[in-house]
Every structure is written in structure tokens, then in C-alpha cells.
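For reference, the structure discussed in these notes is given below.
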Amino acid sequence: MALRFALVIEPVGSDDSRSDFADTFRTIDPSAPALSVGELSTQRGDGIFESIGVVDGHPQETQAHLERLAHSAEICDLPAPNLEQWRQAVTIAAGHAPQQGEGVIKLILSRGVEHGPAPTAWVTAAGAADNTAVREQGVRVVTLDRGYGIDTPASAPWLLLGAKTLSYAVNMAALREARRRGADDAIFVTSDGFVLEAPTASLIVRIDGRFVTPAPNGGILHGTTQLSLFSHLESEGFETGYATLPTTALRDADAAWLVSSVRLAAPITAIDDVVFRVDAGLTASMNRYLLSPRD
């Protein structure tokens with residue numbers, strides 16, 4: 001996924017009320033070196049990010065992503081981003097994303113350079129990978145222990161659970177472990193037996209006709225795609241909800257999906273070798289909606 005565009009942002013205060021932030025943006029060569037060796041995002045993964053799906057040049061769910069960026073900043077004690085400044089940066093990046101087909105815009109806010117200017121921020125645009133196969137054929141997943149209990153996030157906020165941080169080494173290691181076990185992806189579970197989320201996606205299961213996602217009380221990242229899809233399903237007459245799901249509840253589901261901003265809705269074909277039936281018609285309907293312009 002080669003970068004097509006990169007824009008450095010000089011972050012301003014969240015209370016800056018100007019209407020035009022053009023003088024705080026600097027376009028750079030996306031293939032050229034740009035970060036200091038003292039940059040804490042690369043040294044320590046000390047920063048946050050968002051990935052916004054782009055369809056035919058239109059950035060999807062921009063407001064929801066900006067609000068989640070602000071939420072992550074608050075959890076991580078980073079300066080509150082000026083959402084209008086970031087919105088204008090997204091608009092510029094969208095003009096350099098693929099104007100036909102799918103792309104992705106990434107927003108990165110770092111704590112900055114050690115003993116230097118802080119914070120640092122940038123936005124990139126690229127074409128998206130072709131996710132047609134996983135949307136149509138589905139993914140096999142395994143459950144992996146996340147290494148903490150369901151009550152840990154409330155008692156240990158310094159773990160930054162629930163923030164979308166740049167520290168993704170564990171998430172990537174989980175995907176490698178899933179592939180070693182012959183699967184495509186993973187679902188994290190707590191050490192005391194509750195369902196969380198996938199390393200890069202939210203989980204939705206259908207139980208007795210009701211669409212359910214794990215409640216965000218276990219340090220789960222609130223999924224922008226899941227929220228939008230729930231609104232769509234409700235408009236179609238389906239019941240949706242949040243629940244603290246024990247791992248045993250996965251056996252009660254008759255269908256399940258991993259959903260994310262770029263991959264969209266990927267049906268699950270098996271969890272820990274328990275086979276799931278793919279609802280191809282409903283999945284196609286979900287992805288048609290997710291590929292429609294959404295603000």
C-alpha cells in the first residue's frame with residue numbers, strides 16, 4: 001500500500017477558532033525521510049492514530065474518526081486536537097486519495113521529539129488493498145488471551161486500554177500467531193473468559209436474530225464502522241445491542257463478522273475450528289451500505 005500523499009500538521013490548540021488552517025500544513029514527499037531520530041512515535045510508539053476509509057474520493061465517517069482521535073488523546077494525556085484543523089487536513093488528503101475505488105487516509109498524532117518540539121502530527125493518503133476476497137469468502141479466526149481480566153481497564157487506566165495508540169506490536173504478533181495456527185485473524189478474549197475484539201477490527205455476532213458487539217467496558221476500542229453499521233441495521237428493522245459476552249456465547253451465535261474502516265464487513269467462517277454459516281446476502285448488503293458515501 002504505497003503512500004500517494006503526506007501532509008505535516010503544525011498542531012494548534014483545540015480552542016483556536018480560525019476558519020482557515022492552511023498555513024499550518026506542509027506537503028512533503030511521502031517517500032522521503034521526514035521524522036527526527038528523536039521522534040517518540042518511532043522510539044516508543046507514543047502516539048495515536050486513525051485510519052479513515054475512502055470510497056471514490058469520499059472520506060467515510062470523518063466526524064466519528066476525529067472524535068475518537070480526541071478520545072484517544074485524552075486517554076493518553078496528549079494535547080486535545082483541534083478537530084477543524086484535522087478536518088481540513090482530511091479534506092486535502094482526500095483530494096490525493098484514489099478518486100475511483102477505495103483508499104485510506106491515516107491521521108497520526110505523536111507526543112513529539114524527546115526534549116524537543118511537541119507534539120508532531122501528519123496525515124497520509126494511499127490506495128487500499130483489495131478486500132473483495134475476504135468480504136465475499138470470509139475469514140477463519142482463533143481466540144487468543146489478551147492477558148488481562150474484564151475489570152482491568154477500570155482499575156489500571158495507565159495501560160491505555162481503549163485508546164487507538166501506535167503501540168501495535170502486540171496486535172501484529174497476534175495476527176502472526178493466528179496464521180501459525182492456520183487462521184486468518186484472531187479475536188482477543190480476557191483471561192477470565194470474556195470476548196473483546198480483533199487486533200484490527202470490531203466483532204459483531206448474531207445471536208437469536210439480534211446483532212451484538214462486546215460492550216466497551218473491557219478496554220475495547222469503540223468501532224466507528226460498527227457504530228455506523230448498527231445504525232444501518234436498526235434502520236432495516238434489526239435489533240442491535242452491547243453485551244459483556246462470555247467466550248461460551250460464541251457457540252450460541254449463528255453468524256459473525258469482523259468489521260473495520262478499510263476491510264469493511266468480513267464474515268467469519270470459523271472460530272477455533274467451530275464452523276459458522278456465512279450469510280452471503282446479508283454480508284453483501286452490509287458492504288453495499290459501507291461502500292456508500294457516509295459522513
query = Going by distance alone, is a donor N or O of one side chain under 3.5 Å from an acceptor N or O of the other, for Asp145 and Ser191?
reply = yes

ask   = When you check the gap from the basic side-chain N to the acidic O, do Asp185 and Arg140 get nearer than 4.0 Å?
value = no

request  = Identify whether Ile52 and Val104 are in the same connected component of the hydrophobic contact network (ILVMFWY, side-chain heavy atoms under 4.5 Å).
outcome  = no

query = Under a 4.5 Å side-chain heavy-atom rule over Ile, Leu, Val, Met, Phe, Trp and Tyr, are Ile268 and Val259 clustered together?
reply = no

ask   = Tell me, do Ile187 and Val195 make a side-chain contact under 4.5 Å, heavy atoms counted?
value = yes

message = Pair Ser36, Val113 - check side-chain contact (heavy atoms from CB on, under 4.5 Å), show working.
response = CA-CA 7 Å; Ser36 164; Val113 178; 4.0 Å; yes

query = Passes salt bridge (charged side-chain N to carboxylate O under 4.0 Å, His left out), Arg18 versus Asp23? Steps please.
reply = CA-CA 11 Å; Arg18 77 181 86 171; Asp23 63 350; 3.1 Å; yes

inquiry  = Applying side-chain hydrogen bond (donor to acceptor under 3.5 Å, both in side chains) to Asn217 and Thr244, what does each step give before you reach the verdict?
reply    = CA-CA 8 Å; Asn217 59 358; Thr244 301; 3.2 Å; yes

note = Applied to residues 38-54, the side chain to side chain donor-acceptor pair (under 3.5 Å) test, sequence neighbours excluded, yields Glu39-Ser41, Glu39-Ser110, Glu39-Thr120, Arg44-Glu114, Asp46-Arg111, Glu50-His65, Glu50-Arg68

Pro214 to Leu196 - nearest heavy-atom pair and separation = CG-O, 3.1 Å

note = By ring-ring contact (aromatic ring centres under 6.0 Å, His included), Phe211 pairs with (sequence neighbours left out) Phe238, Trp257

ask   = Just by modelled atom types, is the Arg87 backbone N or O under 3.5 Å from a matching donor or acceptor in the Thr91 side chain?
value = yes

task = Find out if a path of hydrophobic residues (ILVMFWY) with successive side-chain heavy-atom gaps under 4.5 Å connects Leu83 to Leu7.
result = yes

Check: Glu197 side chain, Leu221 main-chain N or O, donor-acceptor pair, under 3.5 Å = yes

key: Donor-acceptor contact present, side-chain Gln60 to main-chain Ser292, <3.5 Å   = yes

ask   = Going by the salt bridge (Lys or Arg N to Asp or Glu O under 4.0 Å) test, which pairs reach into residues 161-178, not counting sequence neighbours?
value = Glu177-Arg180, Glu177-Arg181

key: Shortest non-hydrogen separation from Ala183 to Val142 and the atoms involved   = CB-CG1, 3.8 Å

message = Is there a side-chain contact between Ile108 and Val123 in this structure, where contact means two heavy atoms from C-beta onward sitting under 4.5 Å apart?
response = no

ask   = So, for Asp192 and Gly149, which heavy atoms are closest and what is the spacing to 0.1 Å?
value = OD1-CA, 3.4 Å

query = Okay, side chain of Thr269, backbone of Val139: is any donor-acceptor separation there less than 3.5 Å?
reply = yes

task = Output the rest of the hydrophobic cluster of Leu40: all Ile, Leu, Val, Met, Phe, Trp and Tyr residues reachable through side-chain heavy-atom contacts under 4.5 Å, sorted by chain and number.
result = none

note = Sorted by chain and number, sequence neighbours left out, side chain to side chain contact (heavy atoms under 4.5 Å, CB included) with Asp20 holds for Ala22, Gln88

query = Taking a hydrophobic cluster as the set of Ile, Leu, Val, Met, Phe, Trp and Tyr residues connected by side-chain heavy atoms closer than 4.5 Å, whether directly or through intermediates, do Val134 and Val205 fall within one such cluster?
reply = yes

ask   = Taking the inter-plane angle between the rings of Tyr289 and His232 on a 0 to 90° scale, is it parallel (under 30°), tilted (30 to 60°) or perpendicular (over 60°)?
value = parallel

query = What residues form a ring-ring contact (aromatic ring centres under 6.0 Å, His included) with Phe21, not counting sequence neighbours?
reply = none

Check: residues 245-252 side-chain donor-acceptor pairs under 3.5 Å, at least two apart:
none

task = Identify, with sequence neighbours excluded, every residue that meets ring-ring contact (aromatic ring centres under 6.0 Å, His included) alongside Phe230.
result = Tyr242

query = Can you list every pair that meets ring pair (Phe, Tyr, Trp, His ring centres under 6.0 Å) and has a residue in residues 73-93, with sequence neighbours left out?
reply = none

ask   = If you look at every heavy atom in Asp16 and Asn82, which pair is closest and at what distance?
value = O-ND2, 2.9 Å

key: side chain to side chain contact (heavy atoms under 4.5 Å, CB included) partners for Asp208, two or more places apart   = none

query = Between Ile220 and Trp158, is there a shared hydrophobic cluster once you connect ILVMFWY residues whose side-chain heavy atoms come closer than 4.5 Å?
reply = yes

key: All pairs passing salt bridge (Lys or Arg N to Asp or Glu O under 4.0 Å) where residues 283-294 contributes a residue, at least two apart   = Glu61-Arg294

message = Quick check: closest heavy atoms across Thr224 and Ser261, and the distance to 0.1 Å?
response = OG1-OG, 3.5 Å

message = Any heavy-atom pair between the side chains of Phe5 and Thr27 that's under 4.5 Å?
response = yes

side-chain contact (heavy atoms from CB on, under 4.5 Å) assessment of Ile150 paired with Thr152 = CA-CA 6 Å; Ile150 192 69; Thr152 299; over 6 Å; no

request  = Could you name each residue pair satisfying salt bridge (Lys or Arg N to Asp or Glu O under 4.0 Å) that touches residues 217-239, not counting sequence neighbours?
outcome  = Arg210-Glu239

